[in-house]
Amino acid sequence: MEEHLQLQQLKHVGQQLLLSSIAVDSFKGLSDEDVEALVAEFVQKLLRDSGLGSFVPPSPEVVDTPKVAADFVRAAAERWHSKIQQRYSQVSERYQAPLISRKAKPIVDSKTSRENYLETVTPQPLPVSMFVYDAQDLLKEVRSVMNPNLAFETQQLHQQCAAAYATLDTGELLEWEGLGKMKVAQPITNLKVAFQAPTVDALKQLFHRLHPRFEHNGTHDSSLLGGASLSQDRLELAREVLHGLDSKKLREFLQCGCPVSQRSVMWLWAMKSSLKNDHSLQYEQLWQNAVQATLMAEHLVVADAELMTSTNSHYFVFREFYFALLIPFTHDDSISHLASHDPVEHLPNGVVPFRGISLLIAPLAFVFRSPATAYAVFRQMYVRYFSKLHSISDNPNSILRLSVSFETLLLSSFPKLFHHLSAIGFVPLNVAFPWMFHAFAGFLQPIQVLHLWDRIIGFDSLYVLPLLAVAIFGFRQDSLMSAETPKACEQQLSSLVNISVVPLLQFALFSDDLLSPSS
């Protein structure tokens with residue numbers, strides 16, 4: 001009797017939400033399958049708003065004021081900061097590695113600081129199993145972030161739904177008045193935040209230059225060297241834009257990609273407004289700092305670089321290049337003042353090395369010959385973009401907001417796929433989060449990573465990351481719809497070696513245009 005009552009509560013709540021949100025005439029012309037998917041979306045919305053699932057744009061009852069948002073996100077950020085700082089200290093204690101070890105006297109001779117370092121300092125990698133944190137650790141923390149600002153009445157409604165929902169088996173068929181039978185699936189995630197996420201239409205406006213009517217680098221390149229099929233007009237335009245050295249025009253050019261031969265100088269000058277002319281001198285000074293003091297962080301980045309070069313066939317030949325950027329990175333105190341996170345004690349740059357940090361360096365080895373120039377660009381990319389992927393904040397480009405956007409876009413773009421994955425217990429964010437955490441480095445082919453990063457710099461936005469993640473799910477939709485277990489879904493998404501970034505982004509945003517008879 002109790003179970004039946006709870007079941008009726010669930011049906012009533014879903015029916016109430018459905019009738020209050022959509023006109024009856026909207027059902028005309030829809031098949032039973034379409035109605036089933038539509039109702040499922042509304043049930044998932046109710047569960048997500050309650051904190052049991054992911055977020056869709058908030059209803060009028062859910063008002064997320066800036067103050068409340070800042071408070072609960074800031075509290076989560078402080079917990080995360082305290083946790084990784086404690087773990088960093090624990091690594092030091094376990095391996096008896098001093099957080100910082102200063103030399104008695106600076107080494108001064110005719111050799112460069114980098115040469116001195118390589119001859120006198122050889123930080124040994126800590127065991128590969130000893131990392132402070134990785135993408136899954138941060139994902140767990142992101143899931144713990146909770147928005148407390150739900151209206152009391154809405155909370156009660158959600159609690160009724162959840163109570164009834166808890167008694168059901170996954171996939172149980174329920175009879176909905178006037179709508180036939182449908183399956184109720186477990187919520188696919190447990191994000192508990194209510195941030196407004198951009199719609200597909202909003203992203204179309206933001207990324208309008210991704211439209212196929214513009215000529216793009218990255219749509220026909222088939223090899224790592226690329227460039228063979230690029231039009232002469234595009235190359236000439238690149239030279240013309242570089243001649244003016246206008247950072248705004250450089251970024252606009254990068255929105256449509258970049259010829260391989262021009263990428264290094266394009267990236268450098270696109271961010272020139274925030275770079276100093278003496279980056280070579282700054283780079284050498286960082287090596288001098290490294291000679292004078294050894295940080296435990298150096299052991300961690302060496303371990304990460306060793307692991308990556310031993311397991312990734314694309315990057316193993318660039319081992320020395322990674323050291324050339326990662327070692328000075330650990331000593332760069334300018335980063336602690338600029339990056340989007342709270343600095344950690346005993347680390348000049350304030351950044352705790354995480355598992356996979358070398359992957360953010362690796363694509364640059366295909367672009368830059370000079371380590372000093374590569375480092376200048378990497379530092380700016382880390383401060384402006386990557387740091388937001390590795391910390392908790394309510395910044396519009398933070399990993400928290402990108403995660404919300406991924407789930408919202410996946411639901412709105414592929415509702416039936418969303419519901420199917422939910423029904424079999426697969427959580428899409430478990431796969432998409434590491435992709436975004438690493439800006440897809442290490443997952444895509446190197447040339448595809450560069451095409452993606454062209455657009456990040458060009459549009460000055462990280463929202464291409466959730467958009468690409470959703471596009472990949474859509475691209476694999478047929479195989480995912482056939483999958484019957486979470487493991488089968490993971491296998492379908494385990495390899496992205498055949499993914500072409502630009503065509504997928506274009507299809508995700510402009511598929512209606514591409515498929516229309518007039519196009």
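When reading the values below, keep in mind they use all heavy atoms of this one structure, side chains included, and skip hydrogens, waters and symmetry mates.
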After noting the C-alpha distance and the side-chain angles of F473 and F406, does the key distance pass the ring pair (Phe, Tyr, Trp, His ring centres under 6.0 Å) rule? CA-CA 11 Å; F473 272 77; F406 164 74; 5.6 Å; yes

Does the pair S144 and R79 meet the rule for a side-chain contact (heavy atoms from CB on, under 4.5 Å), with working shown? CA-CA 10 Å; S144 73; R79 289 195 303 270; 4.0 Å; yes

Would you sort out whether Y385 and W453 count as a side-chain contact (heavy atoms from CB on, under 4.5 Å), showing the intermediate values? CA-CA 10 Å; Y385 305 119; W453 289 10; over 6 Å; no

Under the side-chain contact (heavy atoms from CB on, under 4.5 Å) rule, what do I447 and F366 come out as? Steps first, then yes or no, please. CA-CA 8 Å; I447 187 62; F366 294 92; over 6 Å; no

Assess whether ring pair (Phe, Tyr, Trp, His ring centres under 6.0 Å) is satisfied between F368 and F378, documenting all intermediate values. CA-CA 11 Å; F368 298 97; F378 171 71; over 10 Å; no

Worked verdict on D394 versus L400 for side-chain contact (heavy atoms from CB on, under 4.5 Å): CA-CA 7 Å; D394 58 356; L400 179 60; 5.8 Å; no

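Side-chain atoms of E298 come within 3.5 Å of backbone N or O of L295 as a donor-acceptor pair. A donor-acceptor distance shorter than 3.5 angstrom exists from the side chain of H420 to the backbone of A483, with no hydrogens or angles considered. In this structure, R263 contributes its side chain and V367 its backbone to no donor-acceptor pair below 3.5 Å. Counting only distance, with no hydrogens or angles, the side chain of S422 and the backbone of F418 share no donor-acceptor pair below 3.5 Å. Here the side chain of R251 pairs no donor or acceptor atom with the backbone of F459 at under 3.5 angstrom. Using a distance-only test at 3.5 Å, with no hydrogens or angles considered, no donor-acceptor pair links the side chain of S92 to the main chain of Y88. Using modelled atom types, no side-chain atom of D304 and backbone atom of R355 make a donor-acceptor pair closer than 3.5 Å. Remark: the backbone N or O of V132 is paired with a side-chain donor or acceptor of R87 at under 3.5 angstrom. A donor-acceptor contact shorter than 3.5 Å is absent between the side chain of N349 and the backbone of I335. Judged purely by atom type and a 3.5 angstrom limit, H390 uses its side chain to pair as donor or acceptor with the backbone of F437.
Distance check: L347 CG to D333 CG gives 12.0 Å after rounding to the nearest 0.5 Å. In this structure, M308 CE and L359 CG are separated by 6.0 Å, a value rounded to the nearest 0.5 Å. Once rounded to the nearest 0.5 Å, the distance linking CG of L462 with CZ of F386 reads 8.0 Å. To the nearest 0.5 Å, atom CG of residue L254 and atom CG of residue L250 are 7.0 Å apart. With values rounded to the nearest 0.5 angstrom, L326 atom CG is found 11.0 Å from L300 atom CG. Note that CG of L210 and CG of L504 are 12.0 Å apart. Values are rounded to the nearest 0.5 Å.
Contact check for Q477 versus M481: side-chain heavy atoms found under the 4.5 Å cut-off. By the 4.5 Å heavy-atom criterion applied to side chains, M381 and I457 are counted as neighbours. Under the 4.5 Å side-chain criterion, counting only non-hydrogen atoms from C-beta, S391 is not in contact with S398. Between F440 and I499 the shortest side-chain heavy-atom distance does not fall below 4.5 Å. By the 4.5 Å heavy-atom criterion applied to side chains, I424 and T485 are not counted as neighbours. Residues W287 and I327 are in side-chain contact: their nearest non-hydrogen atoms beyond the backbone lie under 4.5 Å apart. Annotation: side chain of L493 is in contact with side chain of W435 (closest heavy-atom distance under 4.5 Å). Residues Q506 and V502 form a side-chain contact, since some pair of their non-hydrogen atoms from C-beta on lies under 4.5 Å apart.
Across A77 and I392, no two heavy atoms sit closer than the pair CB-O, 3.2 Å. Heavy atoms only, all atoms of each residue included: Q255 and G458 are closest at NE2-O, 3.2 Å. For the pair M266 and F253, the tightest heavy-atom approach, listed with the atom from each and the gap, is CE-CD2, 3.4 Å. Shortest non-hydrogen contact noted between S412 and P415 is O-CD, 4.0 Å. Between T408 and A197, the shortest heavy-atom distance links the atoms OG1-CB, 3.8 Å. Shortest non-hydrogen contact noted between Y283 and A324 is OH-O, 2.7 Å.
Relative orientation of the Y133 and F354 rings is tilted, given thresholds of 30° and 60° on the angle between their planes.
With respect to the salt-bridge test (charged N to carboxylate O, under 4.0 angstrom), the residues K248 and E252 do not qualify. Using a 4.0 Å cut-off between a side-chain N of Lys or Arg and a carboxylate O of Asp or Glu, D137 and K83 do not qualify as a salt bridge.
Side-chain contact of Q285 with H331: a donor-acceptor pair under 3.5 Å is absent, judged by distance alone.
In this structure, the ring of F207 has its center no less than 6.0 angstrom from the ring center of Y463.
Residue-environment remark: CG (D201) exceeds the threshold of 12 foreign heavy atoms within 6.0 Å.
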